[in-house]
S.K.: 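What follows is a single structure, and I will ask about it in a moment.
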Amino acid sequence: MSTAPNVTIIPAKVQTAESRDKYHQLRVAAYCRVSTAQEEQQNSYQVQIAYYTDLINRKKEWTLAGIFADEGISGTQTKKRTEFNRMIRMCRNKKIDLVITKSISRFARNTVDCLEYVRQLKDLGIGVIFEKENINTLTMTSEFMIALYGSFAQAESESISKNVSWGKGKAYREGKVQFQYKYLLGYKKGADGKPEIVPEEAETVRLIYTLFLDGYSMSRIKSSSRTKVF
C-alpha cells in the first residue's frame with residue numbers, strides 16, 4: 001500500500017520525566033553513598049536515607065521508587081556498587097522517572113562513568129538531580145559542568161587514595177598496625193590496646209598450622225572435622 005501524497009510522517013516524541021509529570025506522579029529514586037564503613041560515616045549513611053525518604057514523601061508530585069544506598073564502597077569504579085547497578089537496571093526497565101542524589105561525587109567519582117550514565121538515563125527520558133551542584137540533567141543545555149565537577153571528584157578520590165596508602169605505609173614502617181579483631185581468629189584487643197591471645201581460639205590456630213605443615217591443602221583444612229570450630 002503506497003503512502004498518500006502530501007502526508008508528513010511525524011516521529012514519536014520521546015517522553016521525558018517532565019512531560020510525564022502532567023499525567024501522574026513522578027517515580028523518584030534517591031541514591032546515597034558513603035566512602036567508608038567507619039562508624040562516623042555509617043551515621044551519615046543513615047542520615048542520607050532518612051533525608052531522602054522524607055524529601056520524596058513530602059512532595060505531592062513525587063512518589064517513592066526506592067532508596068538505593070551503597071555503604072563502605074570507595075574508589076572511582078561503579079562495578080562494585082550493587083545498589084547503584086540495581087537502580088540503573090530499574091531505570092532501564094522504566095520503573096524510575098527521576099533520580100536524586102547529593103552530589104556528582106556521590107553518583108560517580110569517575111568522569112567517564114558519570115557522563116556515560118547521565119547520557120544513558122537522559123536517552124531514557126530520566127533526569128538526575130545533583131543537589132549540591134543544583135543541576136538537573138534534563139534541563140541543562142551542556143554537559144560541561146558535569147564533566148568539570150566530575151573531574152574534580154575523580155581527582156579528589158585519587159588524591160585521598162594516595163594519601164591513605166602513604167599513611168598506611170608510614171604506619172607500617174613505624175610498627176603501627178590496625179587490627180580488624182572481629183575477623184581475626186586467636187586474638188582480641190587487650191586492655192593495653194595491643195593484641196591479646198584468646199586461649200580457646202589459639203588451639204584452633206595452632207592446629208591449622210600443624211595440618212598445613214603436614215601437607216593438608218587449605219580446602220582440606222577448612223573441611224576437616226578437627227577444625228570445625230571456626
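We number each residue from 1, following the sequence as shown. No experiment lies behind these values; they were computed from the predicted model shown.
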S.K.: Looking only at atom types and distance, does a side-chain atom of Asp54 sit under 3.5 Å from a main-chain N or O of Ala50, one as donor and one as acceptor?
M.R.: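 The answer is no, because no donor-acceptor pair under 3.5 Å joins these two groups.
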S.K.: Checking the side chain of Arg27 only, and the main-chain atoms of Lys94 only, is there a donor and an acceptor separated by less than 3.5 Å?
M.R.: yes
S.K.: Please answer whether the main-chain N or O of Leu124 pairs with a side-chain N or O of Arg92 as donor and acceptor at a distance below 3.5 Å.
M.R.: no
S.K.: Considering non-hydrogen atoms only, spot the tightest contact between Ile56 and Thr63 and give its length.
M.R.: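 Taking every non-hydrogen atom into account, CG2-C, 3.9 Å.
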S.K.: Give me the atom names and distance for the closest heavy-atom approach of Ala202 to Ile197.
M.R.: CB-CG2, 3.7 Å
S.K.: How long is the span from the NZ atom in Lys95 to the CZ atom in Arg89, to the nearest 0.5 Å?
M.R.: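 Reported value, rounded in 0.5 Å steps: 10.5 Å.
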S.K.: If you compare all heavy atoms of Val128 against all heavy atoms of Thr101, which two are closest, and at what distance to 0.1 Å?
M.R.: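 Nearest pair, atom of Val128 first, then Thr101: CG1-CG2, 4.4 Å.
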S.K.: For Ile104 and Ile135, which heavy atoms make the closest approach, and how far apart are they?
M.R.: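 Closest approach of Ile104 to Ile135, heavy atoms only: CD1-CD1, 4.5 Å.
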S.K.: To the nearest 0.5 Å, what is the distance between NZ on Lys132 and CZ on Arg106?
M.R.: 8.5 Å
S.K.: Please determine whether residues Val198 and Leu185 belong to a single hydrophobic cluster, defined as Ile, Leu, Val, Met, Phe, Trp and Tyr linked transitively by side-chain heavy-atom distances below 4.5 Å.
M.R.: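 Per the 4.5 Å side-chain linkage, Val198 and Leu185 are not co-clustered.
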S.K.: For the atom pair CG (Leu64) and CD (Gln25), what is the distance rounded to the nearest 0.5 Å?
M.R.: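 Between Leu64 CG and Gln25 CD, I get 11.0 Å after rounding to 0.5 Å.
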S.K.: Decide side-chain contact (heavy atoms from CB on, under 4.5 Å) for Glu83 and Met87; before the verdict, give the C-alpha distance in whole Å, the side-chain angles of both, and the deciding distance to 0.1 Å.
M.R.: CA-CA 6 Å; Glu83 286 295 283; Met87 179 185 71; over 6 Å; no
S.K.: Of the non-hydrogen atoms in Ala65 and Ala29, which two are nearest, and what is the gap between them?
M.R.: CB-N, 4.2 Å
S.K.: Measure the spacing between CZ of Phe212 and CG of Asp214 and express it to the nearest 0.5 Å.
M.R.: 11.0 Å
S.K.: Can you tell me how far CD1 of Ile88 sits from CD of Glu116, rounded to the nearest 0.5 angstrom?
M.R.: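 Reported value, rounded in 0.5 Å steps: 9.5 Å.
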S.K.: Could I get the full list of side-chain contact (heavy atoms from CB on, under 4.5 Å) partners for Glu203, not counting sequence neighbours?
M.R.: Arg206
S.K.: Can a donor-acceptor pair be found, under 3.5 Å and without considering hydrogens, that links the side chain of Asp192 to the backbone of Lys194?
M.R.: yes
S.K.: How many angstroms lie between atom OG1 of Thr210 and atom OH of Tyr216, to the nearest 0.5 angstrom?
M.R.: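 If I round to the nearest 0.5 Å, the distance is 11.0 Å.
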S.K.: Is the closest side-chain heavy-atom distance between Tyr187 and Glu201 below 4.5 Å?
M.R.: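 When only atoms from C-beta onward are counted, Glu201 and Tyr187 do not touch, as no gap falls below 4.5 Å.
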S.K.: Is Thr137 close to Leu121 at the side-chain level, that is, under 4.5 Å between some pair of heavy atoms?
M.R.: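 Answer no - side chains too far apart.
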S.K.: Quick check: do Phe68 and Ile96 have side-chain heavy atoms less than 4.5 Å from each other?
M.R.: yes
S.K.: Which pair of heavy atoms, one from Ile67 and one from Cys32, lies closest together, and at what distance?
M.R.: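 Taking every non-hydrogen atom into account, CG2-SG, 4.2 Å.
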S.K.: Can you list the residues that meet the ring pair (Phe, Tyr, Trp, His ring centres under 6.0 Å) rule with Tyr31, with sequence neighbours excluded?
M.R.: Phe84
S.K.: Report the residues that fulfil side-chain hydrogen bond (donor to acceptor under 3.5 Å, both in side chains) with Ser103, sequence neighbours left out, ordered by chain and then residue number.
M.R.: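 Ser103 satisfies side-chain hydrogen bond (donor to acceptor under 3.5 Å, both in side chains) with Ser105 once adjacent residues are dropped.
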S.K.: Can we say Glu131 and Lys102 salt-bridge, meaning some charged N sits less than 4.0 Å from an Asp/Glu carboxylate O?
M.R.: no
S.K.: Could you walk me through whether Leu55 and Ile100 satisfy the side-chain contact (heavy atoms from CB on, under 4.5 Å) test, starting with their C-alpha distance in whole Å, then the side-chain angles of each, then the deciding distance to 0.1 Å, before giving a yes or no?
M.R.: CA-CA 10 Å; Leu55 175 66; Ile100 185 168; 3.7 Å; yes
